[in-house]
Every structure is written in structure tokens, then in C-alpha cells.
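These notes are about the structure you will find just below.
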Amino acid sequence: MIQWLHRVYRSAFLLRVFLLLSGVGVLSYFDTLERIDAVLYDRLTAVRHDAPDDRIAIVAIDESSLQMLGRWPWSRSVHAELIQRLQRAGSRVIALDLLFAEPQENDRYADELLASAMAQHGAVILPVAPGENGFEQIFLVEPLNIFRQHAILGHTDIELDSDGIARRIYLKAGIDQPVWPALGFAVANYAKTGPVTDDSQSFSGHGSAAAGIWVRTQEVLIPYAGPSGSFRQFSYAQVLSDDRLLAGLRDKIVLVGMTAAGMGTRFATPVSPVNRQPMSGIEWHANVVNMLLHDRAVTPLPSVMACIASAAWVLMILLVAGIYLRSISIPWLSAALISGLLLVWLLLNHGRIWFPPTAAMLGTIAIYPLLNWKRINEFMYSLFQTKVQSSAALESVGDGVITTDAQDQIVYMNKGAERILGLPLNMVQGVLLTKLIRLSQMRDGSSTGPDDFELSLSASDATTMQCYVNTAGNEKRAVRISRHVLRDEQDVLIGYVVALADITDTVELTRQVAYQASYDSLTQLPNRALLMARFEEMTAASIPQTIAVFFVALDGFKKINDALGHRAGDELLKMVSQRLVETVGPDPIVARWGGDEFVLLFNSLGKEEGALQLAQKILAAIRHQFHLLDQDIFVTVSIGISFFPDNGANCEEVLERASTAIHRVKNEGGDNFGFYSSESSMAWTRDRLELEKELRLALSHDGLLVLYQPIVDVYQRRIVRLEALVRWPHRSRGELSPSEFVPLAESVGLMGQLGEKVLRTACRDARQLISDGRAVHISVNVHPHQLLHGNFVHTLSQVLMETQLPPASLILEVTETAVVCDLGRASEILERIRALGVLIALDDFGTGYSSLTLLRELPIDILKIDKSFIRALDQNLNDLTIVQAIIGLGGNLGLAIIAEGVESEKQVRILMDNHCHLQQGYYFSRPIPFDAVVQLLNEANQPNPVSIERLCGLLEAKQ
């Protein structure tokens with residue numbers, strides 16, 4: 001049994017050897033691997049180049065010749081002149097690669113001149129070429145008989161291989177019998193042996209009318225001397241005109257032909273890729289002449305001989321391996337291949353014989369599986385087991401896995417991929433992956449534009465991405481695709497692995513979270529974060545544009561929530577948001593800012609006029625009734641408008657100023673719109689924040705200055721009171737008046753601290769004056785916030801106690817606006833102040849709305865006539881009448897009267913005439929520091945009264 005198995009194995013082995021040798025022979029005989037053999041021939045011949053023969057010269061019909069001699073074709077008399085000059089120069093032989101098959105019509109003597117020149121030279125070679133008629137028969141294109149009589153003829157049939165490259169030539173060819181030598185062959189023969197007698201050189205009946213089969217013999221391969229331009233070339237026109245250049249052609253083999261661009265035939269050769277220039281026909285003939293002059297022609301081995309040699313090559317390696325080796329290895333096989341190629345190269349370069357080795361090399365490679373058949377079987381079985389195990393592992397994976405070949409055609413797909421794509425494996429095998437998987441871009445919730453666009457999964461990709469895949473059931477699934485390249489041990493691409501993970505649920509959850517982060521859950525409008533992002537994009541546009549910002553807020557929205565509940569309020573907000581979108585259209589951005597506030601952004605809205613019209617349109621739309629909970633509801637809105645960049649350098653500033661504008665509209669009653677203006681703005685800026693910080697530092701470090709303005713008794717001609725006025729000497733802004741920083745102190749809650757600071761300073765200075773023997777009352781202004789909020793009476797008591805100032809020396813000035821908002825509380829506080837013994841003055845009397853009521857309800861000691869009535873006292877009779885009435889009213893109520901804002905002597909006299917002797921104003925003095933007050937009192941308050949003029953002079957001197 002064992003012997004039988006051994007005989008069977010040996011018979012099978014011999015059969016495989018026979019089939020291998022037969023296959024190698026067939027491949028070699030029928031030139032199946034001709035293209036590969038041609039590439040090997042090109043590489044082997046490129047190792048060595050023989051230098052071109054310097055006896056060969058090319059007279060080129062080039063661009064410069066065409067420019068000098070005119071458009072082609074030239075008169076044949078020109079060629080006759082060229083031949084005559086070359087004859088005089090002593091050229092050995094001339095070959096003209098030009099067909100003179102037709103007589104020259106325009107110059108009947110030109111043909112005779114050319115024929116005469118050829119006869120005189122005696123060594124001129126002309127071409128003949130095969131032509132094809134309409135009946136697939138070959139006829140010969142020959143020179144005219146007048147030229148054939150005096151020339152040697154050679155054929156110009158050039159053979160191109162299947163790859164379009166000219167590597168070979170047939171030295172003899174003709175119709176029905178090979179009677180014509182190749183043009184280069186004729187030139188080389190004449191150059192080597194001189195003129196020969198050959199029946200083929202006569203007419204012999206082979207004219208243009210003869211037709212038949214084109215027959216070729218003596219095939220040889222051409223070892224090129226170099227790329228285009230290797231042979232020395234002379235311009236045709238220069239040879240005709242330059243005698244010195246002509247002398248260089250003595251005893252030369254001259255080839256005349258076309259080299260001008262676009263003229264003549266050009267051929268790709270094995271040396272063409274060196275400089276990417278195809279070779280002209282005349283240069284090709286020069287290479288043939290060079291080859292034949294030096295006997296360098298390469299003879300290709302006949303097909304039968306190549307077949308036998310290839311089989312013998314493989315058989316010899318088999319015998320060596322069978323005798324000396326138990327098994328053949330890759331290195332040994334590589335050495336055999338290299339040795340064979342070396343032998344082919346030696347045979348080519350030294351024996352001038354070309355043996356096409358590709359079939360033998362393939363046979364050599366096939367020896368490896370032939371001799372290692374058992375090992376290959378074992379490997380294939382192992383590979384099969386590995387494939388089965390891999391398939392089982394892939395099927396157990398929940399994600400989809402697809403493998404493709406190098407051309408991206410699907411080879412395998414597991415159950416997970418079938419489930420995701422909705423197609424079985426047997427329907428997609430061999431299909432291009434890009435045709436099966438249609439991908440679309442995954443967009444986030446904040447993106448704009450089309451929902452998706454088609455993606456490509458090209459074979460060069462090796463990446464991971466998240467996208468949508470369209471399944472066979474036209475369902476869109478979100479997937480994570482990972483694509484990896486498969487390469488073999490030699491780093492050659494063999495395919496791809498594509499992993500698909502279904503992340504639809506995760507993507508939807510992420511999309512919902514992202515949407516909720518950018519959109520309001522109630523109205524579905526963009527929220528504040530998305531609004532700011534869009535606003536930033538608009539302001540960052542390359543083309544400057546004006547952006548209008550509408551801040552829209554409902555008026556009295558709280559009443560809806562209180563009356564109908566918060567659910568009804570939410571429904572109303574949704575209706576209002578929908579109506580806003582319908583009113584302004586789809587282009588502007590409509591966002592919910594928060595609560596009952598909305599923000600609208602417009603980048604194509606005209607400034608004042610366009611904004612005004614749109615605001616009126618929005619107001620009218622919202623005024624229209626809303627049907628809510630089976631009843632009609634009417635609401636209005638207030639709109640604040642600002643513009644970028646006019647009202648701010650960034651988004652935050654512009655939005656703040658729109659908010660400022662809407663607050664002003666609401667304070668004026670709502671149901672209207674208003675534009676931002678700097679005069680009415682209290683919006684916070686970086687500058688105001690810096691100013692607030694500096695004010696706090698000034699309060700804590702005694703940075704405020706308390707000045708005093710004298711109140712003069714013009715009857716007694718002496719200073720009887722001082723009004724404390726605060727100033728802020730700012731290091732960069734100069735001296736700031738209360739109107740410039742008191743509003744800031746009000747808004748940041750510093751009014752109590754500021755007022756206490758002034759009160760304490762004024763009481764301390766008044767106590768010092770009393771200690772120095774100057775009984776002068778001190779007036780201090782009390783701000784409404786200071787009076788009505790906090791424990792002002794307690795603070796006042798503490799200050800009087802600390803400074804030991806008699807309460808009767810202190811006067812607190814309050815304004816009408818400080819008490820009318822809460823008259824009951826104000827009356828109570830003032831009564832407690834009055835109980836301390838402190839006097840109370842009503843400042844700016846006559847400018848409020850309830851002056852007489854205040855006089856009746858409040859404990860007032862002094863009335864101060866507002867300066868607005870004093871300013872035109874000497875010019876306006878009505879102002880005089882009002883002042884007289886106030887003075888009379890105060891006198892009847894037993895109140896002291898002080899006139900503020902006195903600025904002229906005439907005003908002083910009028911007030912004196914009307915029994916108002918306490919006066920205050922710039923006529924007497926501006927506010928001055930405490931040190932100046934002390935010095936002024938020393939000079940002005942003398943025992944003897946001084947005149948008003950003298951008093952004013954003293955005051956002016958101290959300012």
C-alpha cells in the first residue's frame with residue numbers, strides 16, 4: 001500500500017513537472033509575456049550605452065530653417081543646392097529621409113536640378129515606404145523615376161512593439177519578396193564597402209502600381225546610442241549659408257530629415273523616458289546606421305529556440321534542486337532568478353543575442369509550490385482553520401465588520417453589518433463598498449444649512465468618523481465607521497477592514513442634550529447662549545454691517561400669572577414668540593432672553609427709519625388679542641432698540657444699551673419703543689465700574705472734600721450760616737461735583753456712607769468754629785435714601801454726641817422729593833430729628849408738587865427759595881411775584897427764608913426790599929475750603945458791621 005502511494009505521489013509529481021515545462025514553453029513560444037520581456041530588455045540595455053559614431057551627422061530641417069527658407073515644402077532646387085554643397089565639402093554618403101514621389105508642379109526644372117545633383121554626388125540614398133490601399137493590399141511609395149536612376153533606395157518601414165515603442169528593425173523588406181534594404185542598412189553598407197551592384201536598386205518593375213504582401217526578414221533589436229539629441233545636428237539653413245560649418249561635414253555620413261516640432265514622424269524608444277522627448281525619424285535612422293557600422297545589432301532568439309531554452313532553464317533548476325536540495329527556499333530561488341538574469345545580460349551585451357526570460361522566470365518561481373506542495377497544503381489547511389475561527393469570532397461581535405479587497409470590493413460581511421445595512425452577504429459580495437454604503441454628514445443642533453450632504457468613502461481613507469448610513473430599507477442610522485488598511489508582509493495593499501458601530505440612540509440623546517443647551521424648551525426659540533454665539537458671528541463678518549437689536553418685554557406679565565396661573569402664562573409666552581416670528585419673518589434671529597423678555601437681531605434693517613417702522617409693526621401685532629383659556633387676553637410690549645457698532649463695541653454693550661432703552665420705555669408707561677441715547681443711559685460700563693471702585697476708595701481714605709458756601713445776613717452784614725457741599729477731587733477727571741458722582745453712589749448703595757461722611761465732617765468743623773468763638777450754623781443736605789432708609793436718627797445722634805456739636809447749630813436740608821414719596825414715614829423721622837433740637841430746612845422750595853401740604857404736615861423751620869426763581873428775578877415779573885408770595889407765606893408761618901442762587905447786586909437789593917435778608921449765591925462766594933472759611937470769618941465778622949460791598953470784597957479775596 002505504501003509503495004502504491006509512493007508510485008501515485010511520484011506520478012503526480014512527474015505530471016506536475018510536465019505541465020510546468022509545457023506551460024513555460026507555451027508562454028515563451030506565443031510571446032504571451034511580450035510586454036514584460038520588453039521592459040526587461042529596456043532595463044538591461046540601459047545598463048550600458050555605446051557612444052554615437054562621430055562620422056554620422058544630421059542635417060535637420062528645424063524651426064530656424066523653416067523661418068529662413070519659408071514654408072514647407074521647399075523647391076527641390078534647394079535640396080539640389082544642399083547636395084552640391086555637400087559634394088564640394090566631400091561628404092561620404094547622403095541619405096534624404098524625404099519622399100519625392102510626386103513631380104514639383106510650380107518649378108518644372110527643379111526635379112532635373114535635384115536629379116543632376118544626385119548624379120554628380122553618386123552616393124545619395126532615398127527612401128521607399130509601404131502604403132496601403134482600400135483593399136488591404138500593400139503598394140510601394142517610391143521616388144520618381146528621374147531620382148531612382150541616380151540614387152540608392154532603402155525602405156523606411158519602422159516596427160512598433162505592442163506597447164508603442166520602437167525597439168526593432170527588419171533589415172530587408174519588400175512586396176512579396178524582401179528586396180529593399182532598410183534605409184539605415186543601405187547607408188551603413190555604402191559607408192563600409194562603397195557602391196555595390198544590386199538588382200533591387202534598379203526599377204525592376206517595383207513601381208507604385210505594384211501591390212501585394214509586405215514581406216520582412218532579418219529582424220534585429222536596436223541598442224540605442226542615447227536619447228534624442230545624442231548625434232551631432234546641423235541646421236539645414238546654416239549648411240546652405242555657412243562655409244565653415246560645411247567644412248565640418250567632410251567625409252561624414254549625412255542624414256537629412258525633419259526635426260521641426262509638428263513635422264515628420266516621431267517615435268517612442270526605450271531611451272525616451274530619460275528626457276520625456278520622443279525621437280524624430282531621422283535620429284532613429286542615425287541609431288540604425290550607428291548600430292550597423294559597429295556590428296552591434298542584437299538578434300532576438302527565434303520563438304522555437306526561446307521555447308526550448310526556457311523549458312531547459314526550468315528543467316535544469318529542477319534537477320539541481322532535486323539532486324542537491326531536500327526542499328527549495330525563497331533565498332535559493334531568488335539566487336537562481338538573479339543568476340538567470342545575469343546570464344541573459346551577458347548574452348545580450350557580449351553575444352548580441354536577446355533571450356526573453358519572463359516565461360523561464362515564472363517557471364522558476366513555480367518551482368517553489370511544486371517542490372513544497374505538502375507544506376503548502378498544510379499551510380492552506382491552517383489558513384482555512386484560522387479563517388473559520390476568525391469568522392466565528394466576527395459573528396459573535398455585536399458591531400458590523402466588512403472586509404474588502406484592494407479594489408474596495410466587498411469580500412466578507414458579518415451578521416452585525418447585515419443587521420445594520422439590512423442586506424445579506426450573498427447579495428453584496430463583489431459589490432463596491434462605496435456603492436453599497438451611502439453616507440451623509442452628521443450635523444449638530446446649532447448648525448445651519450442643509451441637513452446633510454453626501455460623503456465619499458474613498459479607498460485611500462484610513463480614518464474614523466461619525467455619520468449617517470442609509471440602509472436598504474431607506475432608514476437612516478447613525479454609525480461610527482472605522483476604516484483600516486490591510487497590508488501583507490511586503491507592505492503591499494491587500495484590502496480594507498471597515499467596522500460599523502450603530503450609535504443611533506447615543507446620537508439622538510446627544511442631539512437632544514445639545515438642542516436643550518441652545519434652545520428654549522418652552523418657546524423652541526434660540527436661548528441666550530445661542531443668541532450670543534450668533535451675535536458674535538454677525539459682528540465678526542468680514543463686511544462691516546449695522547446690526548439692530550430689539551429688546552422686547554411684555555408689559556404687566558405678572559398680572560397674567562396671578563390671574564390665570566403660570567401654565568396660562570407659559571402658553572401666552574409661546575403665542576407671543578410665534579407672533580414675533582411671524583411678524584419679522586424667517587431671516588432675523590428671534591431668541592428668548594429669559595422670563596417675558598425676547599431679543600431680535602437684524603443685519604439688514606435700515607437705521608432709524610427701518611427700525612421705527614418695524615417696531616410699530618411689532619407693537620401692533622402684539623396688541624391684537626390672544627385667545628387663551630376660552631377668553632380674549634390683551635397685552636402690550638415695550639421695545640428698546642440699539643445698534644451695533646454705533647451703541648457699543650461688542651455684543652454685551654449693545655444688548656445692555658437696548659436693555660437700558662427698554663427700562664426707560666417701561667418707566668414712561670410701556671406699550672411703546674425707544675432708541676438708546678447716552679443722555680438717558682445709566683447702563684454699566686467698564687468706566688463706571690472703575691469709577692465705583694475709586695469712589696469706594698475715596699470714601700475709605702478721606703478722598704472727598706467738604707466745601708462751605710456762606711449764607712449772608714445782608715441786614716446785619718455778616719456771615720451767619722454755612723452750607724456744607726461735597727466735592728470729589730479726582731486725580732484724572734478733575735474736581736467732580738455731586739451731580740457727577742451722587743447718582744453713582746445712589747445706584748451702588750453708597751449714599752448712606754457718603755452722607756454720613758459729609759455730616760460728620762461738617763459737625764466737626766462747626767464744633768471747631770464754636771470753640772473759636774464763632775457762632776455760625778452749619779447746613780447739611782440729606783439725601784432721600786439716607787433719610788428714609790436705615791437708622792438715620794440714630795446715626796445723627798451718634799455724630800452729634802461724638803463731635804459735641806449743639807443740635808441747634810445744625811440745620812438739615814431736605815428736598816420735597818425726599819418726603820412726598822412716603823409722607824407719613826418722612827414726617828415721623830423729621831419729628832424725631834426736631835426732637836433732638838436740630839433745625840430742618842426745606843430745600844428747593846417751590847419746585848415740587850405738594851409744597852403747601854408739606855408746610856402743613858412737616859416740622860419745617862426754614863424755607864429755601866429755589867434758585868430757578870432768583871435767576872430772572874430782576875427780569876421776570878412772574879418770578880418776582882412768586883418770590884414775594886413765598887416770602888410772605890414763610891413770614892406768616894414764622895419760618896426763616898433763605899434765597900439761593902443770588903448772583904447780582906440788583907437781586908440782592910430786590911430781596912432786601914422784600915424783607916428777605918438771608919441770601920446765598922455766587923455773588924457772595926463760591927464754595928470754599930474750611931481753612932479759607934476760618935480766615936474769612938476772622939476778617940468779615942468784626943464787631944462793627946461792614947457794608948455789603950465790603951463783605952463781597954472780602955469773600956472774593958478768599959476764593
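Atom set for the values below is all heavy atoms of this structure, side chains included, hydrogens, waters and symmetry mates excluded.
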Minimal non-hydrogen separation, [X] against [Y], with atom names:
X      : Y      : result
Leu858 : Ala826 : CD2-C, 4.5 Å
Val883 : Ile870 : CG2-CD1, 4.1 Å
Ala724 : Ala762 : CB-CB, 3.9 Å
Ala615 : Ile641 : CB-CD1, 4.0 Å
Lys574 : Leu522 : CD-O, 3.2 Å
Leu787 : Ile833 : CD1-CD1, 4.1 Å

Can you check whether [X] reaches [Y] side chain to side chain, under 4.5 Å on heavy atoms?
X      : Y      : value
Arg727 : Pro738 : yes
Arg623 : Asp671 : yes
Phe644 : Met538 : no
Gln545 : Ile547 : yes
Ile711 : Leu722 : no
Trp728 : Glu694 : yes
Met751 : Val742 : yes
Met575 : His627 : no

Tell me, with the steps shown, if Arg834 and Leu830 meet side-chain contact (heavy atoms from CB on, under 4.5 Å).
CA-CA 6 Å; Arg834 183 72 174 279; Leu830 292 178; over 6 Å; no
For Tyr708, does the six-membered ring have the charged nitrogen or CZ of Arg721 within the cation-pi criterion, i.e. under 6.0 angstrom from the centroid and within 45° of the normal?
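No; the conditions do not both hold, so Arg721 does not lie above the ring face of Tyr708.
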Would you please name every residue forming a salt bridge (Lys or Arg N to Asp or Glu O under 4.0 Å) with Lys666, sequence neighbours left out?
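Asp555.
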Rounded to the nearest 0.5 Å, how far does [atom2] of [Y] lie from [atom1] of [X]?
X      : Y      : atom1 : atom2 : result
Asn781 : Leu759 : CG    : CG    : 11.0 Å
Lys867 : Leu873 : NZ    : CG    : 15.5 Å
Leu895 : Ile862 : CG    : CD1   : 9.0 Å
His663 : Ser638 : NE2   : OG    : 10.5 Å
Thr583 : Ile618 : OG1   : CD1   : 6.5 Å
Leu600 : Phe551 : CG    : CZ    : 11.0 Å

Sort out for me which residue in Gln920, Glu900, Arg926 forms a side-chain hydrogen bond (donor to acceptor under 3.5 Å, both in side chains) with Gln709.
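Between Gln709 and the candidates, side-chain hydrogen bond (donor to acceptor under 3.5 Å, both in side chains) is satisfied uniquely by Gln920.
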Stepwise, does the side-chain contact (heavy atoms from CB on, under 4.5 Å) test hold for Phe643 with Tyr676?
CA-CA 8 Å; Phe643 296 94; Tyr676 167 79; over 6 Å; no
Has [X] got a side-chain atom pairing as donor or acceptor with [Y]'s backbone, closer than 3.5 angstrom?
X      : Y      : result
Arg657 : Asn647 : yes
Asn527 : Ala591 : no
Gln524 : Tyr519 : no
Glu740 : Ser737 : yes
Asp866 : Phe869 : no
Glu831 : Ser827 : no
Ser925 : Gly921 : no

Partner residues of Phe792 under the ring-ring contact (aromatic ring centres under 6.0 Å, His included) criterion, sequence neighbours left out:
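Not a single residue meets the ring-ring contact (aromatic ring centres under 6.0 Å, His included) criterion with Phe792.
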Can you list everything that forms a ring-ring contact (aromatic ring centres under 6.0 Å, His included) with Phe598? Sequence neighbours excluded, please.
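If we apply the ring-ring contact (aromatic ring centres under 6.0 Å, His included) test to Phe598, skipping adjacent residues, there are no hits.
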Test Cys763 against Ile778 for side-chain contact (heavy atoms from CB on, under 4.5 Å), laying out the working first.
CA-CA 7 Å; Cys763 290; Ile778 291 290; over 6 Å; no
Step by step, would you call Asn650 with Glu536 a side-chain hydrogen bond (donor to acceptor under 3.5 Å, both in side chains)?
CA-CA 8 Å; Asn650 54 55; Glu536 292 286 353; over 6 Å; no
What salt bridge (charged side-chain N to carboxylate O under 4.0 Å, His left out) pairs are there with at least one residue in residues 581-598, not counting sequence neighbours?
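Listed by first then second residue: Asp520-Arg592.
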Tell me which pairs pass salt bridge (charged side-chain N to carboxylate O under 4.0 Å, His left out) where either residue lies in residues 545-554, with sequence neighbours left out.
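Qualifying pairs: none.
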Is it true that [X] and [Y] make a salt bridge, defined as a side-chain N closer than 4.0 Å to a carboxylate O?
X      : Y      : value
Glu571 : Arg567 : no
Arg871 : Glu903 : no
Lys693 : Glu690 : yes
Lys864 : Glu723 : yes

Taking atom NE2 of His566 as the centre, report whether more than 12 heavy atoms of other residues, nucleotides or ligands fall under 6.0 Å from it.
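Check fails, neighbour count at 12 or below.
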Cut-off 3.5 Å, side chains only: do Glu735 and His730 have a donor facing an acceptor?
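Side-chain D/A pair, Glu735 to His730: absent.
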According to side chain to side chain donor-acceptor pair (under 3.5 Å), does anything in residues 874-885 pair up with another residue at least two apart or in another chain? List the pairs.
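Every pair satisfying side chain to side chain donor-acceptor pair (under 3.5 Å) with a residue in residues 874-885: Gln884-Asn914.
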Could you tell me if the ring centre of Phe602 sits under 6.0 Å from that of Phe550?
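For Phe602 and Phe550, the ring centres are under 6.0 Å apart.
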Let's go through Leu707 and Val933 carefully: what are the C-alpha distance in whole Å and the side-chain angles of both, what is the deciding distance for side-chain contact (heavy atoms from CB on, under 4.5 Å) to 0.1 Å, and is it a yes or a no?
CA-CA 9 Å; Leu707 303 179; Val933 168; over 6 Å; no
